[in-house]
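Quick notes on the structure that follows.
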Amino acid sequence: MTALMPDAEQTLTPMTADERARFERDGFLIVRGALDRDDLAHARKAILRAYRTAEAGGRLGADRALHQLSAVTGCPELVFLLDHPATFRYAWSLLGWNVHVHHSHFDVHPPVTGHRPFHWQWHQDGGRQNRELETDPRPRLSVKVGFWLSDVSAPGRGNLLVIPGSHRTNWLPGPRRRDLVFPRPAGAVEVLAEPGDAIVFDRRLWHARSDNRSPLTRLATFIGYSYRWVQIRDNVGGLPQRLWWDGLTPVQRQLLGHCGDGSGDQAWGHAPDTVPLYRELAERGLLDERHPPLKP
Ligand SMILES: O=C(O)CCC(=O)C(=O)O
């Protein structure tokens, strides 16, 4: 077993029983100070550069906001966030080794001034997973990590709204159409966070973005992890041909959709030894019986 750098040691530290219990109860965990000053500066600079490119290309919304899907494809400098030591440990602790990033985005939300028409933002992640799965509650299937790259430590700054404990509730009362005014759901809270804090949440947690009525531009990025047998929604086609691809770690390549060593695993997990995260965890005795390999 190769010696690990301190960062890698942290990446491969499972979440604690207390963290798991809180996550199961609330549907989310806040990770304070996940990003240090350098990480934060690096991510902010990269996103602001991508924002200027989008602006030059006429791709901003009427409100000058940017909601850019496929975070790493759109901004390769963000790749370090996929397996960041402070947060990736939650993704694999909750979902196991057969995971990839199926959905991600980065967001820039300048202040909203004046009247804005009502829009009901509340949702669970996963799109048709919430129509086509028949159980109650529906299964977790994915978790998302959000990194705050601006100060949302006070309400009204475009904070994420969540309803703690709502991840086991299939249905949230809401308006018949998203443009019909409807009261904020009971139990909703604004997540207050400093730049560099992160949130890990169950995709089923009912959540919504709120309007940014502050003078600060809100910056954030969200990375969603799911099982490798759930299709990747991000646009990752052509990434292995990019110049920076060879500089990525095997786990980062796995997370971006690369299937093992090409020997036939095909994401179903029949050849776990070809899956980089399985190997990393197995080498350190960290495989969890909740996620056993298939029997040949
Ligand atoms: O931008 C936000 O605060 C909310 C993001 C969101 O709804 C999502 O990631 O599904």
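Please read these numbers as outputs of a predicted model, since none were measured by experiment. Note that ligands are numbered from 1 as they come in the structure, with each ligand's atoms numbered from 1 the same way. When reading the values below, keep in mind they use all heavy atoms of this one structure, side chains included, and skip hydrogens, waters and symmetry mates.
Aromatic ring centres of H100 and H102 lie farther apart than the 6.0 Å criterion allows. In summary, the aromatic rings of H207 and F201 are positioned with their centroids under 6.0 Å apart.
Here H207 has side-chain heavy atoms under 4.0 Å from ligand 1, and that is the only part of it that gets that close.
Protein heavy atom nearest atom 5 (C) of ligand 1, with residue, atom name and distance: F222 CZ, 3.8 Å. Closest to atom 3 (O) of ligand 1 among all protein heavy atoms lies R218 NH1, 2.8 Å. Distance from atom 4 (C) of ligand 1 to its nearest protein heavy atom, with residue and atom name: L160 CD1, 3.5 Å.
For ligand 1, none of its N or O atoms has an N or O atom of N159 under 3.5 Å away. The shortest N/O to N/O separation between H123 and ligand 1 falls below 3.5 Å. In terms of N/O distances under 3.5 Å, ligand 1 is approached by D125.
Note on residues 138-173: pairs passing ring-ring contact (aromatic ring centres under 6.0 Å, His included), not counting sequence neighbours, are W148-F222.
Salt bridge R279/E283: absent, no basic N to carboxylate O contact under 4.0 Å. Look at R116 and D63 and you find a salt bridge, because one of the NZ, NE, NH1 or NH2 atoms lies within 4.0 Å of a carboxylate O, short of that distance.
Heavy-atom distances between H105 and ligand 1 reach below 4.0 Å in at least one pair.
Listed by number with element, the atoms of ligand 1 under 4.0 angstrom from any heavy atom of K144 are 8 (C), 9 (O), 10 (O).
Partners of E289 according to the salt bridge (charged side-chain N to carboxylate O under 4.0 Å, His left out) rule, which considers only residues two or more places apart in sequence or in another chain, do not exist here.
For the side-chain hydrogen bond (donor to acceptor under 3.5 Å, both in side chains) criterion with D107, the lone passing option out of Q68, R218, H67 is H67.
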